[in-house]
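The figures here come from the full heavy-atom set of this structure, side chains too, leaving out hydrogens, waters and symmetry mates.
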Amino acid sequence: MRKVTTYLILVFTAVLASTAMAASEDATEIMKKSHLAYYYAGNDGLAEVGMTLIDKKGKERSRQFSMLRLDVEEGGNQKYYTYFKKPSDVSRLTFMVHKTSGGNDARWIYVPAVDLVKPISADDKNSSFVGSDFSYEDVSGRHWMEDNHTFVKDSALAGAPVYVIESVPKESYKGFSRKLSYIDKTTLLPMKEEYYDKKGNLIRVFKAEKVEVIDGIATVTVRSMEDVKKGSRTVVSFSSISYNIGIEEDVFTERYLKSPPRKFIK
Amino acid sequence: MKKIALVVAGLLFSAAPSRGEVSLDGFLQGLYGARLDSHNPTSTEQTASETRMQLRAEHFGDKGEFFGRLDFFWDGADTADYDWELREGYLKFRLGSSFDFKIGRQVLTWGTGDLIFINDVFAKDYRSFFVGRDDQYLKAPQNAIRAEYYHNIGSLAVVWTPRFEPNRLPTGRRLSYYSPMAGDIVGTEMGDEFFFDPPLPEAELKNGEVAARFQRRLGGFASAVYFYRGFYKNPLGMDLDNMVPIYPRLNVYGASIRGAIWGGILWAEGGYFDSRDDRCGEKPNVPNSSITGMVGFERQVATDLTVNGQWQLDYMTDYDQFAAQQPEGVYVRDEVRHLLTSRITKRLNMETITLSGFLFYSPSDEDLYFRFSTEYKYTDEITLALGGNIFDGKYENTEFGQFALNDNVYVKVTYGF
């Protein structure tokens, strides 16, 4: 009898383990597809970006810039180019990121007023992007392989069905200890993300406020990030979006950092 | 030259393709600075008392683009008058797929150092730097033609400045300086003869400046070699007939490397300063050749806190002859001069507050220069800043020691539009 019990327990745990594994594989697959849909739409992209930073007292600041993106490989390395337009003290400043998946990103800034090209130490991916509630990593994406994903449940957000997936960093991570993502079942875009710290407190909330189909690609055109602890919020809207416009890799070099590609940036 | 630049700018303006509009922006700024030393032999009590408006205009078409930056200001600290300066006014265009040109009045920067310049032999404005003007004013514009050729193996940039453009150094009116002839720190309060305004090299074609850089990537590092032919940017020589400071001839040969490593950015740069008027170190009125090198490292040590450090060595050739030529009783620099620097930058409150400090310290010359500032972006348009410049030195004739009476603090308000 004892043997049978042991046998049953073994079988049971094996079945449990395999279903858990299947679910986590599915969850990983969903997160991968979501990552590709959100961060790798098309082979390249161009957009005018307006950013509103709202502090806890409700005081607003704004940024305006053009952004170019090129996917060197789908789901892998990417290159970003940012040309600031407003406010006046950063106008014409350019910023470039070579994102290496699994490695440290390389970043450069060009300050036209002093003709200065400067690499920026990019150790901390969690540091704020231009003072907003979005981090550098929020802009370019955290690789889905860096977290373990578990399917939590099917749910609905504003009437649209979503997958709810929990992600826990494989290695201890400063950005969050646990993240809940609400992934739209049709577009696979993240509609909401909740970030928790190691004490289980909610620290940040991401929301896709508006989704539009552009060149046949579902795109989050208005997104927001709320810093729960600081009480601040950043709303980012994308306009004049175009995909697959044939941005050459050459654009993401010092030459163009100093002299914006006017074909794309007005 | 100012007039020519304006005319050229005007022509470009009208000749540029009509597609696209001229975009206009800029800022309005008030800067007020007070000195901390009452015994300074300068004629002014304030180190800055100015209102400035900078207008920036940009226009681009299919063939090229124009950019202009024009400053109008009321300067109450120096001569109390209105003035203006064309900070930049250039045409930028591309020839074929590999040549980029930038022609006109422009600021130029290259090299790897943070406020240490070895192969960057372009004009600096220390008069602005020492009194709290924005960082952009450290670079004085040059009227130049810049051509850069891009190739798979690297890029070659050549800058020709037909008329030599010197560094802008303290004149004695607002900031005092050390005069070797007087053997003392001097300023215009002691007499107009102490107004520092050395004559430039003759405006001849052979007296132009040529600077070149070849740059390429080596793995994850950006490497470059440099060449310069022109004059010392500071008037380090002496015309013995007229007893006035002059700009001796200079060539610079150098190299640099910079890249990301150890979670930060590491850089190293070196150069050989070839004093063409005195290659053997025989003339007491011309500086000796020197070899100089530096290493630096910067990293973000905590969220929004960045720290860097640099160490520079400057080795003077034919030092024994130099030492023997020095007058009695004055401090004589060491054969090797060391300079250590460190910058700390902390951003707070969603990057609306920036605290920064920069220290230059030479253990061999025993002098230092410390600059600090607090900047608060009250709104996207309005920025308030408080800062200061502190100099100290054991001797009066060292690089920073000579400015020991120029300590100042300033307040600055900027409205951007």
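- For Arg262(A), the part lying under 4.5 angstrom from a heavy atom of chain B is the side chain only.
- Both the backbone and the side chain of Lys258(A) come within contact range of chain B, with heavy atoms under 4.5 Å apart.
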For side chain to side chain contact (heavy atoms under 4.5 Å, CB included), just list the numbers for Asp115(A) and Gln106(B), CA-CA rounded to whole Å, side-chain angles, deciding distance to a tenth of an Å, and then say yes or no. CA-CA 9 Å; Asp115(A) 186 36; Gln106(B) 53 190 299; over 6 Å; no

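- Distance NZ/Lys118(A) to OG1/Thr112(B): 11.0 Å, rounded to 0.5 Å.
- Looking at Arg69(B), only its side chain comes within 4.5 Å of chain A, counting heavy atoms on both sides.
- Within the 4.5 angstrom heavy-atom criterion, no atom of Glu381(B) approaches chain A.
- In this structure, the portions of Ser259(A) lying under 4.5 Å from any heavy atom of chain B include both its backbone and its side chain.
- In this structure, Met350(B) CE and Ser128(A) OG are separated by 7.0 Å, a value rounded to the nearest 0.5 Å.
- Open room surrounds NZ on Lys207(A); 12 or fewer heavy atoms of other groups in view lie less than 6.0 Å from it.
- In this structure, no portion of Tyr137(B) lies under 4.5 Å from any heavy atom of chain A.
- Within residues 84-100 of chain A, the residues that have a heavy atom under 4.5 Å from a heavy atom of chain B are Pro87(A), Ser88(A), Asp89(A), Ser91(A), Arg92(A), listed by number.
- Summarising the local packing, NZ of Lys170(A) is surrounded by more than 12 heavy atoms from other residues, nucleotides or ligands at distances under 6.0 Å.
- Note that CH2 of Trp108(A) and CD1 of Ile265(B) are 8.5 Å apart. Values are rounded to the nearest 0.5 Å.
- Contact record, Val114(A) with Asp135(B): CG1-O, 3.8 Å, taken as the closest heavy-atom pair.
- Across Arg299(B) and Ser121(A), no two heavy atoms sit closer than the pair CA-OG, 3.8 Å.
- By number of non-hydrogen pairs under 4.5 angstrom with chain B, the leading residue of Glu254(A), Glu60(A), Lys263(A) is Glu254(A).
- Residues Thr303(B) and Lys174(A) meet the side-chain proximity criterion, which asks for heavy atoms closer than 4.5 Å.
- Within the 4.5 angstrom heavy-atom criterion, only side-chain atoms of Tyr150(B), from C-beta onward, approach chain A.
- For Tyr415(B), no part sits under 4.5 Å from any heavy atom of chain A, backbone or side chain.
- Applying the 6.0 Å contact sphere to NZ of Lys229(A) captures no more than 12 heavy atoms from other residues, nucleotides or ligands.
- Heavy atoms of Glu148(B) lying under 4.5 Å from chain A belong exclusively to its side chain.
- For Asp380(B), the parts lying under 4.5 angstrom from a heavy atom of chain A are both the backbone and the side chain.
- The CG atom of Leu116(A) sits 10.5 Å away from atom CG of Leu138(B), with the distance rounded to the nearest 0.5 Å.
- Annotation for Ser98(B) and Arg255(A): closest pair C-NH2, 3.6 Å, computed over non-hydrogen atoms.
- Chain A forms the most heavy-atom pairs under 4.5 Å with one residue out of Ser97(B), Gly220(B), Pro141(B), Gly259(B), and that residue is Ser97(B).
- By the 6.0 Å and 45° rule, Arg61(A) does not stack over the aromatic ring of Tyr378(B).
- Contact of Arg258(B) with chain A is made through the side chain alone, with heavy-atom distances under 4.5 Å.
- Of the atoms belonging to Asn349(B), not a single heavy atom falls under 4.5 Å from chain A.
- Only the side chain of Thr352(B) comes within less than 4.5 Å of a heavy atom in chain A; its backbone stays farther off.
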